[in-house]
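Predicted model only: the values in this text are computed from it and were never measured. First the proteins, then the strands, lettered A, B, ... as listed; each starts at 1.
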Amino acid sequence: DQQVKQNSPSLSVQEGRISILNCDYTNSMFDYFLWYKKYPAEGPTFLISISSIKDKNEDGRFTVFLNKSAKHLSLHIVPSQPGDSAVYFCAASVIQGAQKLVFGQGTRLTINP
Amino acid sequence: DSGVTQTPKHLITATGQRVTLRCSPRSGDLSVYWYQQSLDQGLQFLIQYYNGEERAKGNILERFSAQQFPDLHSELNLSSLELGDSALYFCASSKQVTDTQYFGPGTRLTVL
């Protein structure tokens, strides 16, 4: 049972344009969502998070949007840079004394010069 | 560099064997998490420790066990290894239970 889904295995975007990565979830109990970036041979690197009490969070070029009614979140990267090429994972958790992150399968983002 | 260290980086062993993976959390972090990333399953939560005590369990096999020591480093023990245990094993740490998790570089386990 895939509780967190990233339906696009890959995405290719021109340098300087906007990259939009999408994530859907099924468990309405999730109240905390994160995006991680992963380069080959490295561990996931935390990018940005959002609590279920918000619908938007920004950090520099990265913005995460949360639509609770649609159980959907997205990560916007503007402008996209070659160094953004990586695999992006969305993750979700229910914070009740523990934080068991449930990850999506990942989307491979390629930024073309 | 997240500040989380994992050793060894690579491990090759045979079926039926037992291995120990080690994780040192970031300075000041009390909580340690273990995840498994296999080709067909993605990143799966295994177990969490907080200040030496087990806090949460995921889909961790009975052949697997973990502990967190007084100096806060953690070890994941995998026994009676099977081919399907070949995967990347990541450790993450956070200051408190609900804080952001920072991941180590992982240990790649290959079971032949």
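For A:Arg108, the CZ atom counts as loosely surrounded, since its 6.0 Å shell holds 12 or fewer non-hydrogen atoms of other residues, nucleotides or ligands. Around the CG atom of B:Asp99, the shell of radius 6.0 Å holds more than 12 heavy atoms that belong to other residues, nucleotides or ligands. The local environment of CD1 in A:Ile53 is sparse, with at most 12 non-hydrogen atoms from other residues, nucleotides or ligands closer than 6.0 Å. Atom CZ of A:Arg17 is surrounded by 12 or fewer heavy atoms from other residues, nucleotides or ligands within 6.0 Å. The number of heavy atoms from other shown groups lying within 6.0 Å of NZ (B:Lys95) is above 12. Counting non-hydrogen atoms of neighbouring residues, nucleotides and ligands closer than 6.0 angstrom, the CZ atom of B:Arg26 exceeds 12 such neighbours.
Of all heavy-atom pairs spanning A:Gly43 and B:Phe90, the tightest one is CA-CE2, 3.4 Å. For A:Phe89 against B:Gln37, the heavy-atom pair with the smallest separation is CZ-NE2, 3.7 Å.
Only the backbone of A:Glu42 comes within contact range of chain B, judged by heavy atoms closer than 4.5 Å. Proximity to chain B (any heavy atom under 4.5 Å) is shown, for A:Ala91, by neither the backbone nor the side chain. Contact of B:Tyr35 with chain A is made through the side chain alone, with heavy-atom distances under 4.5 Å. Interface residue B:Lys9: only side-chain heavy atoms are found under 4.5 Å from chain A.
Considering OG1 of B:Thr100 and OH of A:Tyr32, their distance stands at 3.5 Å, rounded to 0.5 Å. Atom OH in B:Tyr102 sits 5.5 Å away from atom CZ in A:Phe46 (nearest 0.5 Å). A distance of 11.5 Å separates NZ of A:Lys100 from CG of B:Leu46, quoted to the nearest 0.5 Å. Rounded to the nearest 0.5 Å, atoms CD (B:Gln101) and OG (A:Ser49) are 11.5 Å apart.
Criterion: ILVMFWY side-chain heavy atoms under 4.5 Å apart, direct or through other members. Under it, A:Leu11 and A:Ile77 are part of a common hydrophobic cluster. Residues A:Val102 and A:Val94 share a hydrophobic cluster, clusters being chains of Ile/Leu/Val/Met/Phe/Trp/Tyr side chains in contact below 4.5 Å. Clustering ILVMFWY residues whenever any of their side-chain heavy atoms sit less than 4.5 angstrom apart, transitively, puts B:Leu43 in a cluster other than the one holding B:Ile47.
Taking the six-membered ring wherever Trp is involved, the centroid distance between the rings of A:Phe103 and B:Phe45 does not fall below 6.0 Å.
Side-chain atoms of A:Thr45 and B:Ser2, non-hydrogen and from C-beta on, never get closer than 4.5 Å to each other. The side-chain heavy atoms of B:Tyr33 and A:Leu101, taken from C-beta on, include no pair separated by under 4.5 Å.
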